[in-house]
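This is a predicted model, so every value here is computed, not measured.
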Amino acid sequence: MDDLFDNIPAPTDSTSRLKELREEINKHDRLYYQEALPTISDAEYDVLFRELEELEKKHPELHDPNSPTQRVGGAPLDSFSQREHLIPMLSIDDVFSHEEIGEFFARLQRNLGIERIPVTIEPKIDGVAVSLIYRNGSLDYAVTRGDGTRGDDITQNVRTIGRLPLSLGPGAPELLEVRGEIFMPNAAFAKMNEERDEAGLQTFVNPRNATAGTLKSLDSREVAKRPLDFLAHGLGAYDGPALDSEVEFHKLLDTLGIPRNQPIWKGDSLSEIIQAIEELDIKRHGLAYGTDGAVVKVLDRPSREALGATSRAPRWAAAFKYPPEQKETRLKDITIQVGRTGVLTPVAELDPVFVSGTTVSRATLHNQDEISRKDIRIGDTVVIEKAGEIIPAVVKVVTAKRPADAQPFILADFVNHTCPSCGGPIQQADGLVAWRCGNFACPAQAVTGITHFSSRKALDIDGVGESVAIKLVQNEMVKTPLDLFTLTEEQLANMEMDAAILQSGDISKPRRLGEKKAATILTSLEKAKTQMPLNRWIYSMGIPHCGESSAKELSRLHETIFDLADSQLLKDLADLPNYESLSISKRKKENHPVLKDYEIDDSLGPVAAQSLVNFFKSDAGLHVVERLRELGINPKSDNYAPKPSEVDTSDLPLVGKTFVITGTLSKPRPEFKKLVESKGAKVSGSVSKNTDYLLAGEAAGSKLDKANTLGVTVLDEEGLEKLIGA
Ligand code: IVH
């Protein structure tokens, strides 16, 4: 350890040692992230880091939000505050062909009155736009694009991104607004999704969604665990030595250690632009992040200023969107996948082809109608592309290449009217194209059913994701989700999991699930059994048309699942005449007795009601009720209050009063809404002459003005407390 500190002068006092440590760690962060050339080992780095943590703990007065120790995240927020952009964050106009890029360039030539215009061409990063404000070399705050004028302050979350420097070295200008994209590198995304699946967590659809979802988290400690990255692509507000061209801006970013988007091409004619766009098209699938376009930008700042912007986008930039790559391949076969609700989905089995960065060997064909409409036959040569660059799809058949023996495909005949997973009979519901397997214990349905049952929003069974569900069903340990409650720790711990493909590309040995994971699963199951409220149980059943909000409304109207199973209310709802043509809220206005008595909200429509009635009549539904009784599980509603008219509200202090809530308050607005509603008041979104009170927080805007004009009583939080006698 002595060696390590050889080159660091002896600390004079805590302040200077602290400064030294922060600088030293920043330097190593930079060597590690920017240059990929670490000069110390992880262990040595940890020693420095821990010393800094200790010192900071001893000296809270020397706290710095941009200290490297702050990258692990801080206390969760109640909500994001909003910030106005110093300069609006605009969009870019898209162009879709060489012809359109030609028109763009011709417009530049016309407007600037010159032939050759220096431009850059670079990948369009498929991420989330962010504006970073550095003042005097220190990250002040970070904001999302929002509506272009104001966005969310996501500074806490952004601080966790390792590649992004929190303090800049010498040469930092007074004010520097760096604009760029936050994204998740493709490889890190794939690894994270795999781990989430193993842990029984929901996986993300694509890196962009994962990034956007992560940045919306109010808990930066969670954000710190996600593999986010950042690349700069533009300058916003700036106060420092003149930067006349983008090249100088790039140099500044490099000096300051702010990572910037590359590769980047330069050119000053249309042919060079088109050449760069074509070169990037070849390169782009090898980039760390997703990209579906090339951004072309005028290089000189004075030219940019001369060109200006429309309200939507600058005139000096255009984004060329690559058409989705298409490839021809042979459709070898069609197989059938059975989903959670028993729907049979035809899947094209293809000769593997490389499309938009990955090898594709399967693509969904959706349903019989789709196959018939496109006249897809087994043996055909088909054109494949990735919809949204992600999900492979069959675009069309190359009929000229159709072999004489190509086989037309009729789903029901193909499977002999039986489910390919369990051999049970299949049916097609009236008016629907989809064929379904009616056997609730069908293994294919079991896997998706168990995965849904265990998902976060359902019963949150930690440790049961798709791969565990597959094994449980393959080993015949579980036939339906409720069978999970019969598993023992020993059974689970000894269950063999498949070998995994490691990041290195090696294949791991098959392994047991192990005691630790088994215990986690059993603990979550016990919690589900004893603590999860009725609405989560209803949602977990995966009943068609019954989502989270209808489940909540159902648990308001029913005390237990057994009440729900023979609910007269649901039958009445489902029996409403012509129900497809009128929404519940319209019917309420017509004073329909069922709806009037119960004040059912639109989240529980007649379609959902009919689906629930069908479910509880079906084998699957009858089985659920029976199995719950056998297992002694009886989840209770935590919001049961069937008929609002039966609840005596007459002595609540705010009965008959209407509130509007605005501005920034000490807690999120929904909490205040709940509070005043619990006192009998109604909350409305806009101020009118019927408004009784406006609860106004800081920076209240037009609503406050309107309330004042209409003479509506305006309350602050203290005033509200007095009013309700809290
Ligand atoms: S330059 C205002 N360069 O795309 C135009 N933008 O669709 C200057 N984006 O808001 C933006 N990669 O967040 C630029 N290499 C890149 C980009 C890029 C992604 C985003 C950016 C912009 C959005 C417009």
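Side chains of Leu215 and Thr144 form no contact here, defined as non-hydrogen atoms less than 4.5 Å apart. A 4.5 Å side-chain heavy-atom check between Arg30 and Asn26 finds every atom pair outside the cut-off. With a 4.5 Å cut-off on side-chain heavy atoms, Arg71 and Ile25 do not count as touching. At least one side-chain heavy atom of Arg145 sits less than 4.5 Å from a side-chain heavy atom of Ser91. You'll find the side chain of Val397 stays beyond 4.5 Å of the side chain of Asp375, heavy atoms only. Residues Phe409 and Leu365 fail the side-chain proximity criterion, which asks for heavy atoms closer than 4.5 Å. Leu252 is listed as a side-chain neighbour of Leu176, based on a closest heavy-atom distance under 4.5 Å. Put simply, the side chain of Asp29 reaches to within 4.5 Å of the side chain of Pro68, judged on heavy atoms.
Minimum heavy-atom separation, Glu328 to Val383: CG-CG2, 4.1 Å. Phe230 and Val178 make their closest contact through CZ-CG1, 4.1 Å (heavy atoms, listed as atom of the first residue, atom of the second, distance). Contact record, Lys266 with Leu299: CD-CD2, 4.4 Å, taken as the closest heavy-atom pair.
Phe204 CZ: more than 12 foreign heavy atoms inside a 6.0 Å radius. Crowding of Glu84 atom CD: a count of heavy atoms from other residues, nucleotides or ligands under 6.0 Å exceeding 12. By the neighbour-count criterion of 12 heavy atoms within 6.0 Å, atom CG of Asp239 is densely surrounded, having more than that number from other residues, nucleotides or ligands. Other residues, nucleotides and ligands place no more than 12 heavy atoms under 6.0 Å from the CD atom of Glu115. In this structure, Lys251 places its NZ atom where only 12 or fewer heavy-atom neighbours from other residues, nucleotides or ligands lie under 6.0 Å away.
Under a 4.0 Å N-O distance rule, the pair Glu222/Arg226 does not qualify as a salt bridge. Glu246 has a carboxylate O that lies under 4.0 Å from a charged side-chain N of Arg304, or vice versa, which qualifies the two as a salt bridge. We find that Arg312 and Asp93 are joined by a salt bridge, their nearest charged nitrogen and carboxylate oxygen being less than 4.0 Å apart.
Aromatic ring orientation, Phe320 versus Tyr322: perpendicular (interplanar angle above 60°, classes split at 30° and 60°).
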Step-by-step salt bridge (charged side-chain N to carboxylate O under 4.0 Å, His left out) determination, Arg362 to Glu349: CA-CA 5 Å; Arg362 312 184 79 200; Glu349 304 290 340; 2.9 Å; yes

Asp292/Arg284 under salt bridge (charged side-chain N to carboxylate O under 4.0 Å, His left out): CA gap, chis, key distance, verdict: CA-CA 8 Å; Asp292 63 353; Arg284 67 191 173 110; over 6 Å; no

Step-by-step side chain to side chain contact (heavy atoms under 4.5 Å, CB included) determination, Val360 to Lys386: CA-CA 9 Å; Val360 172; Lys386 279 201 194 156; 3.9 Å; yes

Trace of the side chain to side chain contact (heavy atoms under 4.5 Å, CB included) decision for Glu385 with Glu325: CA-CA 6 Å; Glu385 73 176 31; Glu325 189 186 358; over 6 Å; no

Step-by-step side chain to side chain contact (heavy atoms under 4.5 Å, CB included) determination, Leu228 to Met184: CA-CA 5 Å; Leu228 294 180; Met184 228 176 249; 3.8 Å; yes

Full working for salt bridge (charged side-chain N to carboxylate O under 4.0 Å, His left out) between Glu195 and Lys191: CA-CA 6 Å; Glu195 288 165 0; Lys191 183 161 167 265; 3.7 Å; yes

Working for salt bridge (charged side-chain N to carboxylate O under 4.0 Å, His left out), residues Arg150 and Asp147: CA-CA 6 Å; Arg150 44 174 36 226; Asp147 62 6; 5.9 Å; no

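Scored by the ring pair (Phe, Tyr, Trp, His ring centres under 6.0 Å) test, His366 finds no partners at all (sequence neighbours excluded). Applying the side chain to side chain donor-acceptor pair (under 3.5 Å) test to Lys216 and every residue at least two apart in sequence or in another chain returns nothing.
A donor atom on one side chain and an acceptor atom on the other are found under 3.5 Å apart for Glu177 and Ser131. Counted by atom type alone, Asp153 and Gln82 present zero donor-acceptor pairs between their side chains at under 3.5 Å.
Between the side chain of Arg208 and the backbone N or O of Gly127, at least one donor-acceptor pair lies under 3.5 Å. With hydrogens and angles disregarded, a donor-acceptor distance shorter than 3.5 Å links the side chain of Ser97 to the backbone of Glu100. With hydrogens and angles disregarded, a donor-acceptor distance shorter than 3.5 Å links the side chain of Thr155 to the backbone of Ala142. A donor-acceptor pair under 3.5 Å links the side-chain atoms of Asn157 to the main chain of Ser217, judged by distance alone. No donor-acceptor distance shorter than 3.5 angstrom exists from the side chain of Ser220 to the backbone of Val223, with no hydrogens or angles considered. Remark: side-chain polar atoms of Asp268 are not paired, donor with acceptor, to backbone N or O of Arg116 under 3.5 angstrom. With Asp300 contributing its side chain and Pro302 its backbone, the two residues share no donor-acceptor pair below 3.5 Å.
Distance check, rounded to the nearest 0.5 Å: OG1 of Thr214 to CE of Met192 gives 6.0 Å.
Annotation: ring pair (Phe, Tyr, Trp, His ring centres under 6.0 Å) contacts involving residues 155-191, sequence neighbours excluded, comprise Phe183-Tyr289.
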